[in-house]
Amino acid sequence: MKNQFYVTTSIPYVNGNPHMGHALEFLYADVIARYYRLKGYDVRLTTGTDEHGQKVQRAAEAAGVEPAAQAGVEAEHFKRLLEAYNCQYDDFVRTTEPRHEKSAHVFWQKMVDSGDIEKGVYEGLYCVGCEANKTEKDLIDGKCPIHEKTPEPISEENYFFRLSRYADKLLAFYNENPDFIYPAFRMKEMREIIASGLEDVSISRDKSRLSWGVSVPNDDNQVMYVWFEAVMNYVTSVGHGVDDAEFTKWWPADLHIIGKDINRFHTIMWPAMLMAAGLDLPQKVGVHGFITVDGKKMSKSLGNVIDPFALVAQYGVEPIRYFLLREMPFQDDGDFSYERLEARYQADLANGIGNLLSRVSNMIEKYSQGDLDPSPQELDYGKAAAMQYHDLIQKLEFSKALDVIWGLIDEANELIEQEKPWDLAKTDTDRLQVILAQLLYSLELVTEWLEPFMPETVHTMRSVLQRRPMVKAEPLFPRLEITK
RNA sequence: CGCGGGGUGGAGCAGUCAGGCAGCUCGGCUGGCUCAUAACCAGCAGGUCGCCGGUUCGAAUCCGGCCCCCGCAACCA
């Protein structure tokens with residue numbers, strides 16, 4: 001079994017500011033990366049920014065700056081988001097970096113060599129308002145539904161990726177690797193799309209229409225289509241085209257974490273591209289859902305956008321990490337509301353883990369002179385809970401893994417109630433020490449399992465639990481004042 | 001008939017694949033306790049499991065039909 005783990009996030013497009021969805025995706029990747037680091041694996045977490053394309057070029061023109069400058073500002077913005085959510089990353093790939101252009105050129109050439117890139121004529125419909133190509137399916141009564149204009153037919157010489165050649169190979173790959181896409185129903189969706197037919201895709205643009213991109217090798221008039229080049233960041237990060245030893249060490253990736261909207265690019269186009277280039281395919285793609293707010297999609301027009309920076313500023317990073325990982329099921333959309341957030345904070349953090357630490361640390365200070373070794377004599381969690389925990393994390397079921405941890409907290413509270421240590425202090429001090437040692441053990445297990453999710457909290461808890469003599473802990477999570 | 005997800009006590013969900021007394025968390029109510037952040041523990045109330053029909057000794061679960069909500073449909077995490 002190899003003791004390394006390479007995980008990536010998708011790379012945000014820099015035409016917009018960071019939002020909650022980015023924060024959530026970073027968190028998912030951070031938890032799994034921390035989990036494997038704690039297991040002793042050599043872990044690499046790669047994230048970055050997608051900086052080419054029409055929208056960035058236009059935004060820069062509007063702002064009167066160079067596209068590179070525009071992208072640079074946003075790249076820093078996303079790095080601040082990673083810091084704000086305490087996500088540890090090993091590499092941050094900007095698609096405008098020289099190493100990425102080199103990587104993309106090498107990748108392109110491999111596909112040319114395999115005969116999967118050919119020149120062709122792109123004939124399509126172009127909406128001037130959208131500045132984008134449209135398909136018949138996009139139109140209503142032959143008009144762009146956004147601008148209510150009839151798109152202009154255009155004809156442009158582009159390079160095409162022979163995606164149509166890969167339908168059967170992709171399906172065969174799915175059959176051999178039924179766990180390739182998580183959750184499973186996302187694979188079902190992709191099977192449907194493949195079954196309905198894959199067309200060759202245009203993967204370049206004429207520079208007269210778009211110049212802000214990675215140039216096509218040996219053709220001064222074309223740049224690569226943004227999506228085509230952006231996904232290559234996953235190989236760029238590990239030295240593709242630049243450092244063969246590094247690339248051999250890390251590729252293929254163990255896990256790509258992505259949002260459900262870009263599933264097809266990662267589970268159809270990207271695998272096909274890798275096959276065409278003769279490279280191995282990633283082990284798994286985890287497709288997460290979106291965050292809704294009070295049941296509705298977050299959008300500027302609804303005015304319900306939550307600022308991820310303001311949120312951690314108000315509640316602190318650890319409670320927000322907990323809330324998002326506990327309430328947003330990886331597979332589906334999760335709903336955000338301040339009511340749910342405050343309820344979780346109060347019940348699980350203040351009354352749950354925080355209060356348990358207080359009462360146990362206080363009893364050990366009082367009844368054991370603050371000096372005691374942990375021992376699991378009373379409650380045998382056995383291997384079942386541990387197996388459950390590890391299994392759930394590896395399956396990306398973070399919410400359920402946290403459930404398991406909180407099960408330990410509940411059991412500890414129940415044990416206290418059953419044994420009544422304050423009575424034992426008067427009647428049976430031997431029994432009292434056994435119970436306290438058990439409680440200490442339970443808390444240590446909680447810290448061990450919680451570490452990928454709430455590293456700062458665990459750090460604080462350990463400073464209490466490992467101190468000798470132990471003294472009563474300050475509230476980990478002070479109760480929120482209910483003002484509403 | 002484009003594809004997919006979903007409709008379960010006040011709220012959020014599990015259970016549906018392998019039919020068998022309808023479960024969890026939050027909230028509400030009652031009681032207990034006092035080590036603890038008025039926290040903790042126990043118990044109670046509350047549900048025609050979207051609708052109609054079928055199979056079955058028995059259906060939230062299987063089959064058929066219908067209604068409603070949400071997402072996707074090549075560049076929106």
Side-chain angles (χ1 to χ4, degrees), chain A residues 9-13 15-16 18-26 28 50 53-55 130 132-135 137-138 163 183-186 188-193 195-196 198-199 201-202 225-228 230 257-265 268-269 287-292 295-299 326-327 329 331-335 337 339-340 342-344 346-367 399-400 403 406 409-410 412-425 432 436 439 472-480:
Chain A
T9 71
S10 62
I11 54 173
Y13 197 57
N15 68 329
H19 59 67
M20 287 309 303
H22 299 115
L24 181 64
E25 182 165 312
F26 290 159
Y28 287 141
D50 178 7
Q54 207 160 36
K55 289 181 181 174
C130 298
N133 295 326
K134 297 283 168 181
T135 64
K137 288 180 192 169
D138 295 326
L163 181 63
F185 71 85
R186 299 283 179 203
K188 213 172 141 191
E189 287 180 359
M190 294 304 109
R191 284 182 187 278
E192 294 289 345
I193 289 172
S196 69
L198 294 181
E199 292 174 17
V201 289
S202 164
Y225 171 49
V226 192
W227 255 113
F228 190 70
I257 291 185
I258 63 166
K260 64 182 185 178
D261 57 326
I262 52 176
N263 187 9
R264 64 176 58 201
F265 287 104
I268 293 179
M269 189 157 93
V287 186
H288 63 76
F290 288 173
I291 299 177
T292 58
K296 290 172 184 149
K297 198 169 175 178
M298 230 186 273
S299 75
R326 179 67 183 252
E327 288 268 319
Q331 327 190 9
D332 296 305
D333 290 355
D335 195 48
S337 75
E339 289 72 23
R340 301 283 302 164
E342 297 196 351
R344 278 290 183 192
Q346 211 78 301
D348 296 355
L349 300 182
N351 301 349
I353 194 169
N355 185 53
L356 181 66
L357 181 70
S358 291
R359 63 198 306 208
V360 171
S361 60
N362 182 57
M363 287 191 282
I364 291 175
E365 177 185 3
K366 250 185 183 169
Y367 303 138
S399 176
K400 289 181 182 171
D403 256 335
W406 256 258
I409 293 171
D410 290 342
N413 275 323
E414 286 160 27
L415 183 70
I416 294 172
E417 222 54 46
Q418 283 165 21
E419 300 287 342
K420 300 187 186 352
W422 50 94
D423 285 344
L424 292 178
L432 175 62
L436 294 180
L439 292 170
K472 182 185 170 187
E474 290 300 311
L476 263 186
F477 299 102
R479 286 179 63 80
L480 298 169

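A, B, ... follow the sequence lines: proteins, then strands. Residue 1 opens every chain. These numbers come from the heavy atoms of this one structure, side chains and all, not from hydrogens, waters or symmetry mates.
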Checklist entry - Is A:Lys55 near enough to B:rC76 that one of its side-chain N or O atoms lies under 4.0 angstrom from OP1 or OP2? => result yes
Checklist entry - Taking the P atom of each, how far is B:rA11 from B:rG43, in whole Å? => result 25 Å
Checklist entry - CG/A:Leu349 to CD/A:Glu342 distance, rounded to the nearest 0.5 angstrom? => result 12.0 Å
Item to check | Integer angstrom distance from the P of B:rA77 to that of B:rA14 | outcome: 26 Å
Checklist entry - What nucleotide, of B:rA73, B:rA77, B:rC75, holds the atom closest to the side chain of A:Tyr225? => result B:rC75
Next on the checklist: Measure CD1/A:Ile11 against C1'/B:rC75 and give the value in whole Å, please.
Outcome noted: 13 Å
Item to check | First of A:Glu327 and A:Asp333 reached from the 5' end of RNA chain B, by closest nucleotide | outcome: A:Glu327
Next on the checklist: From CZ of A:Arg191 over to C1' of B:rC72, roughly how many Å is that when rounded to an integer?
Outcome noted: 19 Å
Checklist entry - Do A:His22 and A:His19 come within less than 4.5 Å of each other through their side chains, counting heavy atoms only? => result yes
Next on the checklist: Checking A:Glu25 now: which residues fulfil salt bridge (Lys or Arg N to Asp or Glu O under 4.0 Å) with it, not counting sequence neighbours?
Outcome noted: none
Checklist entry - Just how far, in rounded Å, is P of B:rG71 from CZ of A:Phe185? => result 15 Å
Checklist entry - Can you give one letter per nucleotide of nucleotides 26-37 of chain B, going 5' to 3': B for a protein heavy atom under 4.0 Å from the base, S for sugar-phosphate only, - for none? => result ------BSSBBB
Item to check | B:rG53 to B:rC72 separation - P atoms, rounded to the nearest Å | outcome: 36 Å
Checklist entry - Roughly how many Å is it from NZ in A:Lys260 to P in B:rC75, rounded to a whole number? => result 16 Å
Checklist entry - How far, in whole Å, is B:rC66 from B:rG28 if one measures between their C1' atoms? => result 37 Å
Item to check | Inter-nucleotide C1' distance (B:rC57, B:rC21), Å rounded | outcome: 15 Å
Checklist outcome for this item: Rounded to whole Å, CD1 of A:Ile409 lies from P of B:rU25 at a distance of 14 Å
Item to check | C1' gap between B:rG19 and B:rC63, integer Å | outcome: 13 Å
Checklist entry - Rounding to the closest angstrom, what is the interatomic distance between B:rC69 and B:rU56 at atom P? => result 35 Å
Checklist entry - Roughly how many Å is it from CZ in A:Phe265 to P in B:rA77, rounded to a whole number? => result 12 Å
Item to check | Counter-base of B:rG4, judged by Watson-Crick or G-U geometry with both distances under 3.5 Å | outcome: B:rC70
Item to check | A:Asp332 side-chain proximity, nearest of B:rA77, B:rG5, B:rA42 | outcome: B:rG5
Item to check | Complement of B:rA42, any strand, by Watson-Crick or G-U distances under 3.5 angstrom | outcome: B:rU30
Checklist entry - Which whole number of Å gives the distance between the C1' atom of B:rC52 and that of B:rA59? => result 15 Å
Checklist outcome for this item: Walking RNA chain B from its 5' end, the first of A:Asp410 and A:His22 to be reached, judged by nearest nucleotide, is A:Asp410
Item to check | Selection from B:rA73, B:rG4, B:rA77 that lies nearest to any side-chain heavy atom of A:Ile262 | outcome: B:rA77
Item to check | Nearest-angstrom distance from the residue atom CD1 of A:Ile258 to C1' of B:rA74 | outcome: 14 Å
